[in-house]
Number of protein chains: 2
Amino acid sequence: MSVAASSSAKSAVPRDTQRIYSIAELSREFAITARTIRFYEDEGLIKPRRQGMTRLYSVGDRTRLSWILRGKRLGFSLAEIRELLDLYQVDRTGVQQLRELLRRSQLHIADLERKRADLDQHINEFREVESQVSAELRQRGVDPESD
Amino acid sequence: MSVAASSSAKSAVPRDTQRIYSIAELSREFAITARTIRFYEDEGLIKPRRQGMTRLYSVGDRTRLSWILRGKRLGFSLAEIRELLDLYQVDRTGVQQLRELLRRSQLHIADLERKRADLDQHINEFREVESQVSAELRQRGVDPESD
DNA sequence: GTCTTAGTTAACGTTTACGTAAACGTCAAT
DNA sequence: ATTGACGTTTACGTAAACGTTAACTAAGAC
């Protein structure tokens, strides 16, 4: 689990900005296969350094990966996720580019908020099921809490 | 847009509980193809009445369909959606069944709330991008509002 | 030295969620 | 009687997102 500590354990601030992860470490941590990680690379979602043939993942790569997985959980396709990731690292020097970035961010936020409304409605429906069923059980003299 | 009104427009309550939809109507309304609707039927998600070979969709079928589509937007697979739909129409007479329903509802709610946390985080990140980019544009003397 | 433990590429297989013809039936309107 | 709109089934096709061998290499442990 631990990489040979090269420095003193003085600073409380995680200075492991330099940390490097192997593909196996990341696959364990995120409970996905190495194949999946390599696949994301083929799809242009992550670009780890290489040491010969071996892939070396930086902290940034790790963050990117977790971002990708969250996107997946939210129901975005890999193509959409790639677009969103690219949004972040687009060149922000020109005014035109900034305006485009702003526009697309706003579109994306609107999309997400629609999704959130869907989700809230969905949650409420199930909460209602839950409370109705609980009530029904209590009425029958059963404690809904008992496992 | 309007269907020939067969009754007086007296009651404000939509009494069109009897309404029947064709597959084309539903596909238009929800902006999906008829193929998709038939596919959902093959997968056991909707079961419309038949008049000969032709499918007739009730108001309940319509509701079910919109529920399915919302599930999809939230990133659930059709298999998961089928399970959730089945949750609703399970036999609720026995105590054991009620307890099982309660248990599964609670699991599902927990899952949804995790998803909601993901989504909120995601939204916040993009809001921050938005405000940063807006600030940057203002600093450069550009009005971010102008289209 | 060789054995074990990661790592690699390459290529084919699989599941999900439909798209896309092909080939046909039904009914109203011209 | 034919055209057109709408419906049907059957069946093959496809894109996305990986899983699964297979056939290797490179680095340490013993």
Side-chain angles (χ1 to χ4, degrees), chain A residues 1-4 19-58 61-62 64-86 118, chain B residues 1-4 19-58 61-62 64-86 118:
Chain A
M1 272 285 180
S2 69
V3 177
R19 260 216 71 177
I20 277 173
Y21 303 86
S22 72
I23 197 167
E25 264 180 301
L26 289 184
S27 66
R28 250 173 279 136
E29 178 174 359
F30 293 110
I32 56 180
T33 66
R35 172 71 178 93
T36 299
I37 299 178
R38 291 192 200 102
F39 178 74
Y40 290 162
E41 183 176 349
D42 286 348
E43 295 292 298
L45 299 179
I46 340 175
K47 306 176 207 302
R49 283 169 42 210
R50 298 282 183 127
Q51 174 177 281
M53 299 263 87
T54 305
R55 293 163 171 86
L56 299 179
Y57 297 86
S58 70
D61 291 330
R62 200 199 85 114
R64 236 176 131 78
L65 181 54
S66 93
W67 210 95
I68 293 166
L69 296 174
R70 195 181 64 198
K72 287 232 67 190
R73 287 196 301 274
L74 294 176
F76 293 106
S77 72
L78 293 188
E80 290 170 314
I81 291 172
R82 180 175 36 225
E83 262 198 72
L84 296 176
L85 282 171
D86 290 352
D118 275 352
Chain B
M1 273 288 176
S2 72
V3 177
R19 260 216 70 177
I20 277 173
Y21 303 86
S22 72
I23 197 167
E25 265 179 301
L26 290 184
S27 67
R28 250 173 281 137
E29 178 175 358
F30 294 110
I32 56 180
T33 66
R35 172 72 178 93
T36 299
I37 299 178
R38 291 192 200 102
F39 178 74
Y40 291 163
E41 182 176 350
D42 286 348
E43 295 292 297
L45 300 178
I46 341 176
K47 306 177 208 301
R49 281 170 43 210
R50 298 278 183 133
Q51 174 177 280
M53 298 263 88
T54 305
R55 293 164 171 86
L56 299 179
Y57 297 86
S58 70
D61 291 330
R62 201 200 85 114
R64 235 176 132 80
L65 181 54
S66 93
W67 209 95
I68 293 166
L69 296 174
R70 194 181 64 197
K72 287 229 65 190
R73 287 197 300 275
L74 294 176
F76 293 106
S77 72
L78 293 187
E80 290 170 315
I81 291 172
R82 180 176 36 224
E83 262 198 70
L84 296 176
L85 282 171
D86 290 352
D118 274 354

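Letters A, B, ... mirror the listed sequences (proteins, then strands); counts begin at 1. Every value quoted in this text rests on a predicted model; they were computed, and no experiment measured them.
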J.: Considering only residues two or more places apart or on different chains, which pairs with a residue in residues 34-44 of chain B satisfy salt bridge (Lys or Arg N to Asp or Glu O under 4.0 Å)?
T.: B/E41-B/R50, B/E41-B/R55
J.: Check every strand shown and say whether B/I23 touches a base, only sugar-phosphate, or nothing at a heavy-atom separation below 4.0 Å.
T.: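 Sugar-phosphate contact only.
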J.: Under 4.0 Å between a side-chain N or O of A/Y40 and OP1 or OP2 of D/dC18?
T.: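 Answer is yes, contact under 4.0 Å.
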J.: Would you say a side-chain N or O of B/T33 is under 4.0 Å from OP1 or OP2 of C/dG19?
T.: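 B/T33 to C/dG19 OP1/OP2: side-chain N or O found under 4.0 Å.
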J.: Sub-3.5 Å donor-acceptor pair from the side chain of B/R64 to the main-chain atoms of B/L45, do we have one?
T.: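 Indeed, once roles are kept as given, a pair shorter than 3.5 Å links the two residues.
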J.: To the nearest Å, give me how far apart CD (B/E43) and C1' (C/dT15) are.
T.: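 That distance rounds to 11 Å.
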J.: Does atom CZ of A/R49 have more than 12 heavy-atom neighbours from other groups under 6.0 Å away?
T.: no
J.: In residues 46-58 of chain B, what residues come within less than 4.0 Å of DNA chain C, judged by heavy atoms?
T.: none
J.: Could you give the CZ-to-C1' distance, from B/R82 to C/dT15, as a whole number of Å?
T.: 13 Å
J.: Is B/T36 close enough to C/dG19 that one of its side-chain N or O atoms is under 4.0 Å from OP1 or OP2 there?
T.: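 For B/T36, the contact criterion (side-chain N or O under 4.0 Å from OP1 or OP2 of C/dG19) is met.
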J.: Within the pair A/K72 and D/dC18, is there a side-chain N or O less than 4.0 Å away from OP1 or OP2?
T.: yes
J.: Ignoring hydrogens and angles, does a donor from either the side chain of B/R38 or the base of D/dT9 sit under 3.5 Å from an acceptor on the other?
T.: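 Flag unset: no donor-acceptor pair detected.
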J.: Checking contacts here: which listed nucleotide (D/dA11, D/dA17, C/dA11) is nearest the side-chain heavy atoms of A/R35?
T.: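 For the A/R35 side chain, the nearest candidate turns out to be C/dA11.
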J.: Quick one: side-chain contact (heavy atoms from CB on, under 4.5 Å) partners of B/S22, sequence neighbours excluded?
T.: B/A24, B/E25
J.: Got a second to check how far A/I81's CD1 is from A/F76's CZ, nearest 0.5 Å?
T.: 8.0 Å
J.: In whole angstrom, what separates B/L65's CG from C/dA17's C1'?
T.: 15 Å
J.: To the nearest Å, how far apart are A/E80 CD and D/dA16 C1'?
T.: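 It is 12 Å, rounded to the nearest whole Å.
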J.: Hey, what do you get for CD1 (A/I23) to CG (A/D61), rounding to the nearest 0.5 Å?
T.: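 Here the rounded value is 11.0 Å.
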J.: Enter the distance from B/I32:CD1 to B/Y40:OH here, rounded to the nearest 0.5 Å.
T.: 6.0 Å
J.: Rounded to whole angstroms, how far apart are CD1 on A/I20 and P on C/dG7?
T.: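 Going from A/I20 (CD1) to C/dG7 (P), I get 14 Å.
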J.: What's the CZ-C1' distance between B/F39 and D/dA11, to the nearest Å?
T.: 14 Å
J.: To the nearest angstrom, how far is B/D42 atom CG from C/dC18 atom P?
T.: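 Rounded to the whole Å, the gap is 12 Å.
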J.: Rounded to the Å, how far apart are B/L78 CG and C/dC18 C1'?
T.: 9 Å
